[in-house]
There are 4 protein chains.
Amino acid sequence: MKRHVKRQTDKTDKRRAILDAAVEVFARHGFSDATINDVAEKANIAGGTVYLYFKNKEDLLIQAMNEIISSRLAEIKKIISHEINSLDRLYKMILLHVELFSRNPYVVKFMVSEWRQSDDFYQLNPEFNPFREYLDYVTSLCQEAIDTGSIGKLNPRTLAYIIVGTMDFVLTQWITKCEPLDPYLVADEVRQILRHGVHIPKPEADGS
Amino acid sequence: MKRHVKRQTDKTDKRRAILDAAVEVFARHGFSDATINDVAEKANIAGGTVYLYFKNKEDLLIQAMNEIISSRLAEIKKIISHEINSLDRLYKMILLHVELFSRNPYVVKFMVSEWRQSDDFYQLNPEFNPFREYLDYVTSLCQEAIDTGSIGKLNPRTLAYIIVGTMDFVLTQWITKCEPLDPYLVADEVRQILRHGVHIPKPEADGS
Amino acid sequence: MKRHVKRQTDKTDKRRAILDAAVEVFARHGFSDATINDVAEKANIAGGTVYLYFKNKEDLLIQAMNEIISSRLAEIKKIISHEINSLDRLYKMILLHVELFSRNPYVVKFMVSEWRQSDDFYQLNPEFNPFREYLDYVTSLCQEAIDTGSIGKLNPRTLAYIIVGTMDFVLTQWITKCEPLDPYLVADEVRQILRHGVHIPKPEADGS
Amino acid sequence: MKRHVKRQTDKTDKRRAILDAAVEVFARHGFSDATINDVAEKANIAGGTVYLYFKNKEDLLIQAMNEIISSRLAEIKKIISHEINSLDRLYKMILLHVELFSRNPYVVKFMVSEWRQSDDFYQLNPEFNPFREYLDYVTSLCQEAIDTGSIGKLNPRTLAYIIVGTMDFVLTQWITKCEPLDPYLVADEVRQILRHGVHIPKPEADGS
DNA sequence: AATGAATGAGACTTCATTCAT
DNA sequence: CATGAATGAAGTCTCATTCAT
């Protein structure tokens, strides 16, 4: 029995090693330019071994995406559940997005580069949209904030677009080193702008 | 002389046809998965002909990018120059972004997909960053609005991130048909949110 | 009529220009690596024009070879005819070979590189062997020297091999600059060796 | 362990099979006209397999050349070392040249065709001149014969030119079947001519 | 007669995938 | 289970040749 557990672990470990390697390699070179051998080498296994765990290159991409998104999302959900105030949960979400993704830079590039893949891919895999799940969660947080009266009656989906689109963009700028920026600082500034809007605050307004 | 003009036109036309085809094909399949023959077929020419106008596949990508960005940006700048109020210019910018890019849907995907290409590409072409130019322009509009007191004293770069990141994201969602949405409507909602923030408007606030 | 002559000349001139360009370009890059456009450019004409004078690339090669060999051979024959002594004619031949070919370096490389072309070529063109004509002439000179008793009774073909093979080799070494050598000097040394052999000459022997 | 040896052998065998195929195919069609697939087919492997053993087509050419020349030269040197008399060594050299190369006919054409490649190639690979090594060895044999007084005081390099150039030429004529000849017979005749020169032997001379 | 833009066949090379060991 | 040599399909790019002007 112990042997069986060991094997199970081995198998799981190797699978995970391949997935981790795939995320980094796909992010670094893009899905099409990355080679299976690059992934295998990074995972310290032989090229053919990848095919013992994944049907083909595309399967590896899909599974890597799913794991990435859902593992991050699960982590985020767990932490957020500790916040009581719905507005705080929304703000916390922004910070967590930055925190979790900036911890492993390649995950960001992997997500933003690959999730909007080719038409071909999405037409062949219409059911596959891991990012949708993420976006839906942010939308639900917005809806909640609206329902509890924490924020005004605005379209929760639109707000989700702003949050996810902006942070996605900021992280990409940061990760490609196109310009020097501190994602945490920007996240905070974004939060401020979203809270009060761009209008010049009336002297008597702010009460945060 | 007419002959000369004709030839000139022919040559320019073909170059443009290839560039247009390239934008669509690169956007549809992604740069690496798109083939030169796909581009040639879409442009109604033979595969080898592409190489009479462009040095190689990468040259075609770079030139296509440059033309796309700079032609859109020039159009936007021209229209915006007619707006006098600096806040109006910023709002107009959002609408124009949607308008111009949604007119040629593939341009959007082309930009957002290819602009954040592989490390490899950007490390080999560090000087090449047409998107930066775009972002810089939006930043300058924000700065202007701040300087003229139209909006509060916030970080203009951050605001530019929000505007470009959000609209980029929205357009991508729209173009990949991941979900049904009206980009104009969303643009307007984004504008509203940015104006007042997400806080519940006080009864005495403006009633736009 | 003058017009006709003019045209005739024009046509002949352009044909010659192309042939000359072909010899140089073929010699420089080898037949297969040379391009028709290289030849055309060197001849200051457009690429398509070559096909008004030659059926195709291979035809250009054959005609260039024939002209090269036969024009050199004709020149050699004419000069040699002035020599009366048959041994002198043979020695003169060696010098002329060097002289004529070293005058236009590319002709040498063209000949030695291209005349032993691919099996394919010779199997398709069995009648084509311009070098054979050259070798035959040298052989006839040897035969003559034997018949007149100028040299011993040896195989004239073998002697021709030695003469042509050696000088061909020497010129190639010279032209490829593989090593510094004076082809005239070598030609003279070859003549000496052929005259007396490599044996240590007996004191009483030489009477040249 | 046996397994390891087996693999080693397999790998070496395949590399050799490709090299042998390359020599024949390059010789038959010339380097530029030969295709990698021709080589692969002759070696009974798939086209892509060539690239597991050689970086590219040019690498295959260079390695093939080096192996050809050095393996022949090593064989020749070994056999020649058994001859004591320096003149015999020189004569033996001529015979060995014919013997070794006529055993694998394509090697000859390969050498003589490719060795004097295009300017381009040699300018890019100035250090590469395997034939030089061969010529140097023949020269050293000549020098030795001179030093030991076996032959007269003549330029050893010139004599090497005659030997290598002539036999190279003869073998090429033979291999291209341009004319029917027995290379061994010709080699012997060449030896005779070199020994005594072309002069009519005096009645009292030696009777070899 | 001359041009040179256009064509498209074919070469080199890469790499996802398989399979014997 | 793991390996990595082998495969061969497919992509980029070149260039001989044609043809409308």
Side-chain angles (χ1 to χ4, degrees), chain A residues 7 10-11 14 31-41 43-60, chain B residues 3-4 6-7 10-11 14-15 29 32-41 43-60, chain C residues 7 10-11 14 31-41 43-60, chain D residues 2-4 6-7 10-11 14-15 32-41 43-60:
Chain A
R7 288 199 160 207
D10 272 5
K11 184 160 182 177
K14 198 158 290 190
F31 176 69
S32 295
D33 290 344
T35 73
I36 288 289
N37 273 345
D38 288 344
V39 174
E41 195 174 351
N44 285 322
I45 55 168
T49 306
V50 172
Y51 288 84
L52 298 176
Y53 295 86
F54 301 93
K55 191 152 55 71
N56 53 32
K57 198 184 175 190
E58 194 169 85
D59 182 42
L60 178 56
Chain B
R3 188 195 204 104
H4 185 263
K6 179 64 160 29
R7 290 205 157 201
D10 274 6
K11 189 157 184 180
K14 196 154 292 185
R15 196 186 118 90
H29 304 94
S32 294
D33 289 344
T35 74
I36 289 288
N37 276 345
D38 289 345
V39 174
E41 197 173 350
N44 284 322
I45 55 170
T49 305
V50 172
Y51 291 87
L52 297 179
Y53 295 86
F54 302 92
K55 194 153 52 68
N56 52 33
K57 196 185 175 189
E58 191 172 306
D59 182 42
L60 178 56
Chain C
R7 288 199 160 203
D10 273 7
K11 184 160 183 179
K14 197 157 290 188
F31 176 69
S32 295
D33 291 343
T35 73
I36 289 287
N37 272 345
D38 288 344
V39 174
E41 197 174 351
N44 285 322
I45 55 169
T49 307
V50 172
Y51 289 84
L52 297 177
Y53 295 87
F54 302 93
K55 191 152 56 70
N56 52 33
K57 198 185 176 189
E58 193 170 86
D59 182 41
L60 177 56
Chain D
K2 196 184 169 190
R3 189 193 203 104
H4 185 262
K6 179 66 160 27
R7 289 204 158 203
D10 274 7
K11 189 157 184 178
K14 195 153 293 187
R15 195 187 118 90
S32 294
D33 290 342
T35 73
I36 289 289
N37 276 345
D38 289 344
V39 174
E41 198 174 349
N44 284 324
I45 55 169
T49 306
V50 172
Y51 290 86
L52 297 178
Y53 295 86
F54 301 93
K55 195 154 50 70
N56 52 32
K57 199 185 173 189
E58 190 172 305
D59 182 41
L60 178 55

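Order of the sequence lines sets the chain letters (A, B, ...), proteins ahead of strands, with each chain counted from 1. Since this is a predicted model, take the numbers as computed values, not measurements.
- OP1 or OP2 of F:dA2 sits under 4.0 Å from a side-chain N or O of A:Y53.
- When the nearest nucleotides of DNA chain E are assigned to D:K55 and A:K55 by heavy-atom distance, the more 5′-ward of the two goes with D:K55.
- To the nearest 0.5 Å, atoms CG (A:D59) and OH (A:Y53) are separated by 14.0 Å.
- The side-chain contact (heavy atoms from CB on, under 4.5 Å) search around B:N37 returns B:T35, not counting sequence neighbours.
- Partners of B:N56 under the side chain to side chain donor-acceptor pair (under 3.5 Å) rule, at least two apart in sequence or in another chain, do not exist in this structure.
- Atom CZ of B:R15 and atom CG of B:L52 lie 13.0 Å apart (nearest 0.5 Å).
- With rounding to whole Å, B:D38 atom CG is found 8 Å from F:dG11 atom P.
- Between C:E41 atom CD and E:dG4 atom C1' the separation is 13 Å, expressed in whole Å.
- Counting only Watson-Crick and G-U wobble pairs whose two key distances fall under 3.5 Å, DNA chain E forms stems of three or more stacked pairs at E:2-21 with F:2-21.
- For the pair B:R15 CZ and E:dA6 P, the interatomic distance rounds to 14 Å; values are reported in whole Å.
- None of A:V50, A:I36, A:V39 except one satisfies the side chain to side chain contact (heavy atoms under 4.5 Å, CB included) rule with A:K57; the exception is A:I36.
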Seminar exercise, completed: A correct 5'-to-3' footprint of nucleotides 7-12 of chain E, with B, S and - meaning base, sugar-phosphate only and no protein heavy atom under 4.0 Å, is BB--SS

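- When all heavy atoms of D:A40 and D:G47 are compared, the closest pair comes out as CB-CA, 3.7 Å.
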